[in-house]
A.B. asks: 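A single structure is presented below for examination.
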Amino acid sequence: MEHAVVLGAGVSGLCAARGLAGHARRITIVERDVLDDSGGHRGPALPRRGVPQGRHVHALLGTGSMALERLFPGLAEELVRAGAVRSQLLSQARYVLGGAPLARGETGVVALQATRPLLESVLRRRVRALDNVDFLDGHDVLGPVFQNGRVTGARVQPRTDGPAGAPDGAEPGTERAGQESGTGGAGEPVRSPPRWSSTRPGARGARPPGSPRPGSRRPRRSGRGSTSVTPPASCGCRRALSTATGRS
């Protein structure tokens with residue numbers, strides 16, 4: 001593949017770019033936020049607008065750590081050097097689900113606790129080190145580009161302070177994927193995604209089971225599904241996690 005385009009520079013986008021690095025000659029990661037790489041070893045990594053949950057407490061469990069380690073060897077140790085904290089689940093951290101505390105005990109499961117901005121900044125540094133990956137930050141994605149019934153790229157535009165796609169005096173460009181690359185031409189018109197309109201299995205535009213009808217809201221269940229994690233002061237985790245919540 002000549003050129004691959006990844007939309008979004010979050011954790012999944014960075015992992016996708018790393019996986020594509022061995023299959024595409026050139027990779028462009030398009031991100032609407034202006035990325036700040038001043039964090040990590042040189043100071044605190046800051047939350048960004050496109051990740052509203054960035055201030056929440058984050059932790060990598062065993063399987064997640066192993067999956068990231070396969071893509072980015074040595075990542076766990078690099079995160080620890082940058083400020084992440086290892087802790088034993090249910091022995092060095094208290095978990096409360098829906099108001100009910102989980103039983104304490106030794107599980108042998110180690111979690112790697114780090115803020116979301118720290119995790120992203122370390123992953124981003126690894127991806128930036130790849131020779132065939134470029135970042136196009138501060139750009140909105142206006143929609144996909146179609147040619148002959150296939151998605152061949154994405155229309156992008158420098159981000160403005162207003163809503164995505166608002167005119168700012170700059171002409172939208174095109175990031176093309178596949179065998180041909182470059183900017184220009186809008187290709188075929190962007191097609192609207194199908195609307196969920198039926199619950200009949202196999203029907204065109206069928207609504208997935210359990211999903212709300214268009215325009216409806218899911219009922220909120222107070223006290224269910226909420227999670228809080230309170231590490232004891234003795235494990236040294238509170239200081240690391242205070243950065244994620246903005247509290248000391």
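No hydrogens, no waters, no symmetry mates; every other heavy atom, side chains included, goes into these values. Every value quoted in this text rests on a predicted model; they were computed, and no experiment measured them.
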A.B. asks: For Leu112, is there any backbone N or O sitting under 3.5 Å from a side-chain donor or acceptor partner on Arg86?
C.D. replies: no
A.B. asks: Calculate, to the nearest 0.5 Å, the distance between atoms CD1 and CG belonging to Ile27 and Leu130 respectively.
C.D. replies: 7.5 Å
A.B. asks: Quick one: pull up CG in Leu20 and CZ in Arg25 and give me the separation to the nearest 0.5 Å.
C.D. replies: 15.5 Å
A.B. asks: Run the salt-bridge test on Arg48 and Asp33 with the 4.0 Å N-O cut-off and return the result as yes or no.
C.D. replies: yes
A.B. asks: Mind checking the CZ-NE2 spacing from Arg32 to His139? Nearest 0.5 Å is all I need.
C.D. replies: 14.5 Å
A.B. asks: Can you check whether Leu71's main-chain N or O pairs, donor with acceptor, with Arg18's side chain at less than 3.5 Å?
C.D. replies: yes
A.B. asks: Stepwise, does the side-chain contact (heavy atoms from CB on, under 4.5 Å) test hold for Asp140 with Val156?
C.D. replies: CA-CA 6 Å; Asp140 282 316; Val156 300; over 6 Å; no
A.B. asks: Could you tell me which non-hydrogen atom of Ala111 sits nearest to which non-hydrogen atom of Leu61, and how far apart they are?
C.D. replies: CB-CD2, 4.1 Å
A.B. asks: When you look at Phe135 and Arg128, which way does the side-chain contact (heavy atoms from CB on, under 4.5 Å) test go after all the steps?
C.D. replies: CA-CA 8 Å; Phe135 284 78; Arg128 284 191 187 277; 3.4 Å; yes
A.B. asks: Which pair of heavy atoms, one from Gln113 and one from Ala59, lies closest together, and at what distance?
C.D. replies: CG-CB, 3.9 Å
A.B. asks: Would Val30 and Asp137 count as a side-chain contact (heavy atoms from CB on, under 4.5 Å) here? Give the steps.
C.D. replies: CA-CA 6 Å; Val30 183; Asp137 60 345; over 6 Å; no
A.B. asks: Mark yes or no for whether Arg126, through its side chain, and Pro73, through its backbone, hold a donor-acceptor pair below 3.5 Å.
C.D. replies: yes
A.B. asks: According to a hydrophobic-cluster definition based on side-chain heavy atoms being under 4.5 Å apart (Ile, Leu, Val, Met, Phe, Trp, Tyr only), do Val80 and Val11 belong together?
C.D. replies: yes
A.B. asks: Should Leu35 and Val127 be counted in the same cluster of Ile, Leu, Val, Met, Phe, Trp and Tyr side chains packed under 4.5 Å apart?
C.D. replies: yes
A.B. asks: Check whether any side-chain N or O of Glu69 sits under 3.5 Å from a backbone N or O of Gly74 as a donor-acceptor pair, and report yes or no.
C.D. replies: yes
A.B. asks: State, to 0.1 Å, how close Pro52 and Gly50 come at their nearest heavy-atom pair, and which atoms those are.
C.D. replies: CD-O, 3.4 Å
A.B. asks: Are the side chains of Ser91 and Thr107 in contact, using a 4.5 Å heavy-atom criterion?
C.D. replies: no
A.B. asks: Under 3.5 Å, is there a donor-acceptor pair linking the side chains of His3 and Thr28?
C.D. replies: yes
A.B. asks: Going by heavy atoms in the side chains, are His23 and Met1 under 4.5 Å from each other?
C.D. replies: no
A.B. asks: Please test Val51 against Glu120 for side-chain contact (heavy atoms from CB on, under 4.5 Å), starting from the C-alpha separation and ending with a verdict.
C.D. replies: CA-CA 11 Å; Val51 186; Glu120 285 194 0; 3.8 Å; yes
A.B. asks: Quick one, Val122 and Leu75 - any side-chain contact, counting heavy atoms below 4.5 Å?
C.D. replies: yes
A.B. asks: Can you name the closest pair of heavy atoms from Ala16 and Val6 and give their distance?
C.D. replies: CB-CG1, 4.5 Å
A.B. asks: Are Leu119 and Leu60 close enough that some pair of their side-chain heavy atoms sits under 4.5 Å apart?
C.D. replies: yes
A.B. asks: Mark yes or no for whether Arg104, through its side chain, and Leu90, through its backbone, hold a donor-acceptor pair below 3.5 Å.
C.D. replies: yes
A.B. asks: List the atom of Ala154, the atom of Val141, and the distance in Å for their closest heavy-atom pair.
C.D. replies: CB-CG1, 4.2 Å
A.B. asks: Would you mind reporting whether Pro117 and Leu46 have side-chain heavy atoms less than 4.5 Å apart?
C.D. replies: no
A.B. asks: With distance as the sole test, does Thr152 use its side chain to make a donor-acceptor pair with the main-chain N or O of Phe146 at under 3.5 Å?
C.D. replies: no
A.B. asks: Minimum heavy-atom separation for Ser87 and Gln92, please, with both atom names.
C.D. replies: CA-OE1, 3.2 Å
A.B. asks: Taking side chain as C-beta onward, heavy atoms only, is Glu78 less than 4.5 Å from Arg125?
C.D. replies: yes
A.B. asks: Just verifying a value: how many Å separate Leu79 CG and Leu123 CG, rounded to the nearest 0.5 Å?
C.D. replies: 7.0 Å
